Structure formats: structure tokens, C-alpha cells
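Input: a single structure, listed below in C-alpha cells.
Proteins come first, then strands; the chains are lettered A, B, ... in the order of their sequence lines, and each starts at number 1. Worth saying up front: this structure is predicted, and the values here are computed from it rather than measured.
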Amino acid sequence: MKRRMFIKQLALAASVAAIGMGSTSLYAQGKTVKIGVLHSLSGTMAISETVLKDTVLMAVEEINAKGGVMGHRIEPVVVDPASNWPLFAERARALLTQDKVSAVFGCWTSVSRKSVLPVFEELNGLLFYPVQYEGEEISRNVFYTGAAPNQQAIPAVEYLMSKDGGSAKRWVLLGTDYVYPRTTNRILRAFLKSKGVADADIMEEYTPFGHSDYQTIIAKIKKFSSEGKKTAVVSTINGDSNVPFYKELGNQGLKATDVPVVAFSVGEEELRGVDTKPLVGHLAAWNYFMSIKSPANTEWTKKWATYAKAKNIAGHKDRPLTNDPMEATYIGIYMWKQAVEKAKSFDVDKVRAAMAGQTFKAPSGITSKMDEKNHHLHKAVFIGEVKADGQFNVVWKTKGPVKAQPWSPFIAGNDKKKDEPALMAEKKK
Amino acid sequence: MKTLLLALLLSFAAAAAAIDRAAVEKLATGEADERSAAISALVAEADPRAAEVLSALAEGEMQTVAGKDGARRVLIVRGEEAVDAVTGEKVTPLPEEREDAIANNRLRGQIEGALAALKLLSPERETRLEAVKQLAAGADEALLPLVQKALAKETDAGIRPTLELIAASLAMKSGTKEARVAAIRRLASSSSPNSRTLLAAAVNDPDEDIRFEAQKALREVQASLAWGERAGLLFAGVSLGSILLLAALGLAITYGLMGVINMAHGELIMIGAYTTYAVQVLFRGTPYFDWYLLAAVPASFAMSAMVGMALERSVIRWLYGRPLETLLATWGISLMLIQAMRTLYGAQNVQVENPAFMSGGIEVFAGVVLPWSRISIIAFAALVLLGMWLLLTRTRLGLFVRGVTQNREMAACVGVPTGRVDTWAFGLGSGIAGLAGCALSQIGNVGPDLGQGYIVDSFMVVVFGGVGQLAGTVYAALVLGFANKFLESWSGAVIAKIVVLVFIIIFIQRRPQGMFALKGRALDS
């Protein structure tokens, strides 16, 4: 018995040494817990996702320095699904079955989340998904720390309809061709219709992933916007296509005072390397901006700057930037830690139960709460305008946190759906 | 004389002190509607200080600090210097705990319009011209009195028509029925998108006469705008065509003339783009940054050409005449090159900044802006094409290349060193791919996968144009560029891509030799 224990520990220690993750001195007994990091580090989504991997690693380093989770040192397993959706599922399966991770932090695009979802449900894994998305989903195996449509898209459109936002009457819904933009635009179309906008005043346009030539689309927007009413553009373009899109927008002189563009997937990180002077005034809706003034945010951005410098993270070491999905990732990992400590176990079912109602003082200055039932965070909504230096001016915000509505009331049939994961609901019956 | 100057100075100082403190405070800290009203109040003062305060807010230079008796003191802060917005006095030292006064789009739009309207009265012709151009894109009704005042004074033939148009467009929104009908008639002769917006709104007017006039005018404006739109589409087609041409031109030599199926062609483009990036990094921080492209063009050519020649010497030349093995080997090489770049520069895209002269664009028609970056690339593609044509038809190397590709044995018999010519030709094709990469870095993303997006397009252009035909490549690139852009404007980008691919498949089935068949003795067959 003793010998077996010894061999086990030896194997563990060896595997730790082999992976070579930091010092083990604090954890002499070699008690570790593994978590998976599932973000694209190459391909079209790398522009957005790479930094989330670094955020997880920063949080892990922080937690480990303070004694880990229940005395266990966290050991991150980083994999690269390379913006390749089927590969996400393969990597997720490997993380859960071979590495036996306790939780996975990852995914950006909804198509990648949809691709890993069956894997997590089959193997009863735990995924923390840190990005705003289209809703229409509650899985008992996923905690959504990004925004649902009513925490981002709908308030943004309402703002543009208001006098301060320019009283827009005509709408261009522009996106990358996959599930998130299509569903969001379906919700927005229904919402706009409920506000009395006619179908003729809505234009929907989609481009493939990685599209790089936005000449005709900008020309179309120009034409559409000169047909009688104030026009606004809602952009759900994802990934590195945003760089050519905003470059073309600036070069063609489409100004925010004439046709404002509000984006849901563009933050500080995506605008790096774009000349933002012609883009001043274009908008983004998020639950966090780097420019938010709060002591929590000052501390967090400082921490990130130090970490980026120490780890020599490309781009960030010279110009550290933080953004909303980074914040959501950070909230997610700390909430997981709190839930594990509450449950006193790494067991997925126990952690899941303990997640309900967890609170965390987020860098945005707001105390975010994990909803008791629907696996989504309560978050405040901010709308920002691009400044000449690539940061955002917050021009509008909600009074406090907003509860997520993953089942949008603007999609028919959703009123009958339960605001909690299906299996949990069944068990209660 | 001295007293006069003093009096002038005094009056200026008095005027400067006279701007409304309450308005400035409202502007910085009030509710949205109060701030909007404050802008109108400040514009009415027509004071240079008021203009400065407004532009400070629009530029994000306005900040507030806690002042005496609880009110906020409004400052204009530029760098480390601050002045009081109301009095214009210098404030030293810079107070701590400043808060930004933020302008949103609504306020910024209002300020821009107001500032432009103030410039209408400027004695400088250039300033006035700039102001009317800005206002022509849309102006606030509240500015009508100012515009009319300017119109009464304006005599310049280059400015007056635009100014009349602005007055008409402002009168459209308010004014009597006669004034509105006259304004509609005036707008009919213009071709700006703003006129269309106004007329399209007037088409639904309750008054029948106005409706009728507006419909008539709208038709005219739309007809003239349609020409601009067509021109814009044409330009987009030429622009995409020039990019396809650049990407395919190198392949037209290596595949078209030499018959090597080079799957690593896209990676040679990628190497050119990364070389541009590396050169840009060298130039960053120097005063010559805007000219880094002058160095990047030869550097990217040389780098890709060297990689290409090394490939030819080490791998490809052992595989001549074995297309399947060449395909597999070059495909493997392409994967190796991608991974090498990932290791060297990281998997994320690198940022290539445009030099200043390539930002922005030129407005040729109302509403049609041609970006300088795209114009430069079209010119660059034309130059590369010209250079290659001269090289192939006017030089000894060109003669050898043509000789070897037409009849290798005969060329060898008359003493052409065919092996060396192959290497040079392959290097030339690769170098041109590098030039394409340099151009692409200016409009798209530069990442390790850059080449993957262009390899299919490049082969499509060469095969469609007819293998072995340089002229065919040029036509094919332009035809595909136009077809793509035309379909995109009609059906959206996703469908356009599919339709073009289906079209190419059917075309190649019907006419495997491409648009232009090679007459006479073909390659090595």
C-alpha cells in the first residue's frame, strides 16, 4: 500500500517535472489539479483568443502564489485548436479523458462552443466560456461568463435608437457567416420589428471567416445609408477580418457622426494595429472597458501590465491592453476556485452546485453574481466610443448588473423554455 | 499706432473674457440636452475662444476639476499644459484628480458642423472651401442663419454653388412651401448622397406638390449617383483584379512557363509579407518611417527569390517531369515554411502599419472614395507586370527562359545552360510572389496562414487564363476580380465566392486549355 502511494507520487512528481510548470516548492506533497486551456493560438481567431490563454495563465500564477486551490497547485494544460472547429472537439476530449482536467477554460466563437458541447455533456466536463454570445443555450456543463444578447446587443441597439445615440431608423446587420451573427441578427431583427422598424429598413450582410476585401460592402452601406433615414451599422464580424474592415471604413471616410458602427466582437485588442484616428466615435458594447475608472480596474490593468512584461507577451509587453473577454475569463477562473473551496471537492457535480450564487468583485468595479439557476453572470452593460488612441470612452451604462436572458424573448417559442439547464430541471421534478 | 494696437489687444482680451461661464460649465458637465443647448449658445457668440473650447471638447482635450463653491472648473489640457476654458489663463501646476469631459457622436457631430459654419465667414478661401465640403455632407438646421449670412457675402465661383446647395438642403427641413419647392429643384441638380437622403425623406411629405417635386428630383439625383456607384464597383473590380494578378503572376512563371506545380507559392507570398514587416520594424522610430516601403519592395523580392532558388536547387529540380511528386513535395515544404514562420514570429498576426500617404482616399464622385492604398497597389501591379514583360522579352535571360520552356533539348543543344536558367526563372517567379506579399501586407492581415488564402486563387487565375500565357493571366485576374465584385454587390460575399468557383469548374470542363490556348508546340509535352 505504502509503496503504491509512493509510486503514484513519484509518477505525479515526474509528470510535473516533465511539463516543467514553475516551482513546486510550495506544494511538497505534489498535490496538483489540472485545468484545460482551450483557445486558438493560430488561425483567424488567434487575434482574439491568444490573450485569453495568457489571462488564464496569469490568474493561475496568482492563485498558485497564494497557496493554490484547497492546497492543490493548479497545473494548466494549454492546447491549440487552431481556429479549426472539429479540432476543438478532439482537443476537448483529450483534455477530459487523457489529462483528466477538472475544468476547461476556453472557446471564443459559438461554432467552437457548439462543437465541444456534446463532448462536455457526454463526459460530464466543466467548461467556462468567457465571450459574449447569441444565447439560445443553457448547458449544465457550461458556465457562461460572457454576455447574453440582453446584456450586450439589445442595449446597444436601444442606445443607437435613442436621441443621444443618433436616433437611428435604418439598420445594417453585418456579420461573419456562422451561428453567432446569424442568431444575434435574428434576435435583433425581431427586436427592431417590435420597435416598428420595417423590413425594408433592415439590411443583412454576411462574409466568410477571414474575409479581407470590404470594398463592396462599405459601398453598399454608403448607398443604403443615403436612402432617407439615419442609418446605423451593427457589426458581428469576428476575428482578424475586423482589421481590413476598419481599415477600409477609415480609408473610405465613413464617419461615425454620419453612420455609426457598433461592434460586439471588437475591443481594445482587435483595434491594436489599426489607425483609429478615422474611426473616432464608432462604438462597441461590452461589460468591461479598459478605460473604466475604478480602483479594481486600476489594480487589474497594472497586474496585467507587469505580467505581460515579465512573460514577454508579444505586443502586450510594450503596450498592455485588457478587454472584456479577458475580464470574463478572470472572473470565471476565480469563481471556479471559490466554488471548489465551497464544495471542498473538485468533483464536477459538486462544483456545479456550488457555483450557483457565487459572487466576485470584477475589475469593471461591479460585483458580478453567477445566477442561481441559469449558469450566466449578472453583468453591467457599457457602451463605449472609440478614441483616437484606440481606447474607448464610456458614453452610456446600465445602473447596475443585468440578469442574463439566454432564451431571448424575441425568438418565438422561447417563452416556454425553462431558465435553467434541462437536466437539472428534470431532476427537480 | 501703439495706442491703436493696445486698444485692439484690450478689446480682444475683453472679448476673450466674455465667453459665457455658465455655458462652458453646462458644456462640460451637463445632461445631454443641456450640453447640446450650450453648444448652440457658444456658437452664437462667434468668438475664437468659443471655437477653441468647442474643438477641445470634440478632440477629447477637455477636463474638469473641483473648483470653488462646489462648481466644476473646466480646463483645456494639451499634454502637460492646461488653460482655463472660460478665461484662457494658464493653469499651473496641472491639478490632480481631473475628470474627462466626454463628447459622444451627437455632440461631436454638432460641434463639427458648428465649427465648419463658423469657418464659412473666414477670409481665407481654402478654409471656406474646406468648410463647405464638410457641411455639404449634412448639416444641422440650426446653422441656416449662419449659412445664409455667408451666402450673402460669398462671391467665389468655386464655393458658391456648394453653399447654395447647403442652404437649399437646410431650407428643405424648415421654411415655407415655396422655399421648400425651390430647394428641392435646386437639389435635383446635385449628385451628393446627402441630397438623396433629404429627397427620399421628402417623398413621403403630406403635401402633394412637394411629393411630386421630390419624386422628380429624386429620380435625377439617383441617376447621377448611380454612375458614381458603377464607377466605385468598377474600381473595386480592378483593385481585386490587381491583387489576384500580383498573387498569380509569379505562379504564371513557375507553373505556367516551367510547369512546376508549386504548392508553396502562397508561402513565398507570405515570406514577402513578413519581410515587409521586418523592414518596417527596422524603420520604426526613425524619421524615414513613411518611406520604409521603398526598402521593403526590393527586400521582399530578394528574400522570396532566394528562398525560391534554394527550393529549386535542393528539391524541385530533382522532380522535373513528375508533377505528382512535385505537388506533394512542395506541399510539404509549404507546411514547413508556415511552421517556421510560427516559430520565428509567433502564431498571431503581425501588424504592418501603412505609411501615412497610403491612409485615407480621394473622392472622385460624390460618395465614392477611392482609398490610396488600393490605388497604389493597382499602380504597383501595373509596374510589376511591365517589368516582367520587359525582362522576358527584352533581356537575354528572358530569351533563355522562353527558349528553355519552348524546347528544352534544342535550347541545350545551342548552348543555353538550361539548369541554371531554370533556377533563375524559378527565382524570378518566387521574387514576384514576394512582391505580392509586400503589397498584400498593406491591405490585409499578415500571419503565417496568409499564403493559404491565396494559393487557390492564384492557381485559379493561371488555369483560367490558360497555362503558359502571361496575357491570359492578366485577363483572367481582371475577369475574376470584376466577376467577384459584381456578384458580391448583387448577392453577398458568401454566395459570390461559391458562384465564382462553380463557374470556373464548368469553364475548365468545357475548355480545359483556359481562355487562351497555347498555339504550336506546348511545353515539355
Side-chain angles (χ1 to χ4, degrees), chain A residues 41-44 46-47 50 80 82 163-166 177 205-208 210-213 215-217 219-220 222-223 225-230 240-241 243-244 247-248 250-258 260 272-275 277-278 280-281 283 293 314-315 385 387-388 393-396, chain B residues 32-33 59-60 99-100 102-106 108-109 112 137-138 193-194 196-201 203-204 225 229 232-233 235-236 239-240 243 342 346-349 351-354 359-361 363 367-369 371-374 443-445 447-449 453 484-485 488-489 492-494 497:
Chain A
L41 309 178
S42 55
T44 182
I47 181 178
T50 309
D80 176 17
K163 203 172 164 197
D164 271 320
D177 200 8
E205 276 285 329
Y206 294 96
T207 57
H211 191 69
S212 63
D213 189 343
Q215 294 182 82
T216 28
I217 284 172
K220 263 188 187 175
K222 275 187 168 175
K223 179 164 187 245
S225 67
S226 67
E227 284 169 356
K229 290 172 194 159
K230 173 83 182 175
D240 57 9
S241 289
V243 176
K247 272 190 179 170
E248 193 75 35
N251 284 343
Q252 292 227 18
L254 205 62
K255 281 196 300 187
T257 41
D258 304 328
R272 183 199 288 276
V274 179
D275 177 18
K277 273 171 228 94
V280 167
L283 304 114
K293 289 207 171 73
E385 284 185 0
K387 288 200 290 186
N393 269 332
V394 175
V395 292
W396 184 88
Chain B
D33 288 333
E59 301 286 326
E99 260 178 47
D100 286 323
I102 292 166
N104 63 10
N105 278 330
R106 177 184 165 197
R108 205 176 302 112
E112 275 167 15
N194 184 42
R196 176 161 64 187
T197 311
L198 290 166
L199 290 171
V203 166
N204 301 319
L225 271 179
E229 275 151 25
L233 197 62
F235 177 80
S239 170
L240 181 61
I243 289 163
R342 272 202 195 125
Q348 266 199 294
N349 294 346
Q351 266 94 40
V352 177
E353 274 170 54
N354 295 4
S359 292
E363 187 162 17
V368 181
V369 180
W372 285 118
S373 55
R374 292 189 179 276
I443 49 162
N445 289 304
D449 300 341
N484 225 319
K485 285 292 139 186
E488 244 179 51
S489 75
V494 182
K497 193 130 204 171

Of the backbone (N, CA, C, O) and the side chain (C-beta and beyond), which part of [X] lies under 4.5 Å from a heavy atom of chain A, both, or neither?
X	value
B:Asn354	side chain
B:Glu488	both
B:Leu233	side chain
B:Asn349	side chain

In the structure I gave you, are the side-chain heavy atoms of [X] and [Y] within less than 4.5 Å of one another anywhere?
X	Y	answer
A:Lys255	B:Glu112	yes
B:Asp33	A:Lys163	yes
B:Lys485	A:Asp213	yes

Q. Distance only, no hydrogens: is a donor on one side chain within 3.5 Å (strictly under) of an acceptor on the other, for A:Ser226 and B:Arg196?
A.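 There is such a pair between these side chains.
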If you look at every heavy atom in [X] and [Y], which pair is closest and at what distance?
X	Y	result
B:Arg108	A:Gly281	NH1-CA, 3.4 Å
B:Ser489	A:Thr216	CB-CG2, 4.2 Å
B:Pro371	A:Gln252	CG-CG, 4.2 Å
B:Ala103	A:Glu385	O-OE1, 3.5 Å
B:Ser239	A:Gln215	OG-NE2, 3.5 Å
A:Gly43	B:Asp449	CA-OD2, 3.4 Å

What part of [X] gets closer than 4.5 Å to chain B, counting heavy atoms only: side chain, backbone, both or neither?
X	value
A:Asp164	both
A:Lys229	backbone
A:Val280	both
A:Pro208	both
A:Ala219	neither
A:Leu254	neither

Q) When you check the gap from the basic side-chain N to the acidic O, do B:Glu99 and A:Lys293 get nearer than 4.0 Å? A)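 Looking at B:Glu99 and A:Lys293, the cut-off is not met.
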Q: State plainly whether the residues A:Glu248 and B:Arg374 are in salt-bridge range, i.e. N to O under 4.0 Å.
A: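 Between B:Arg374 and A:Glu248 there is a salt bridge, with a charged N closer than 4.0 Å to a carboxylate O.
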Q. Would a distance-only check, ignoring hydrogens and angles, find a side-chain to backbone donor-acceptor pair under 3.5 Å from A:Asn251 to B:Gly360?
A.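 At least one qualifying donor-acceptor pair exists.
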Q) Does A:Asp240 offer a backbone N or O that forms a donor-acceptor pair with the side chain of B:Asn445 under 3.5 Å? A)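 Indeed, once roles are kept as given, a pair shorter than 3.5 Å links the two residues.
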(Q) Using 0.5 Å steps for rounding, measure from the NZ atom of A:Lys222 to the CG atom of B:Leu225. (A)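 Answer rounded to 0.5 Å: 11.5 Å.
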Q. At what distance, to the nearest 0.5 angstrom, does NZ of B:Lys497 lie from OG1 of A:Thr207?
A.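 Spacing of NZ (B:Lys497) from OG1 (A:Thr207) equals 10.5 Å.
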Q: Find the one option among A:Val395, A:Thr44, A:Thr50 whose heavy-atom pairs under 4.5 Å with chain B are most numerous.
A: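 Most heavy-atom pairs under 4.5 Å with chain B: A:Thr50.
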Q) If you count heavy-atom pairs under 4.5 Å between each of A:Lys220, A:Lys223, A:Lys277, A:Glu205 and chain B, which one has the most? A)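 That would be A:Lys223.
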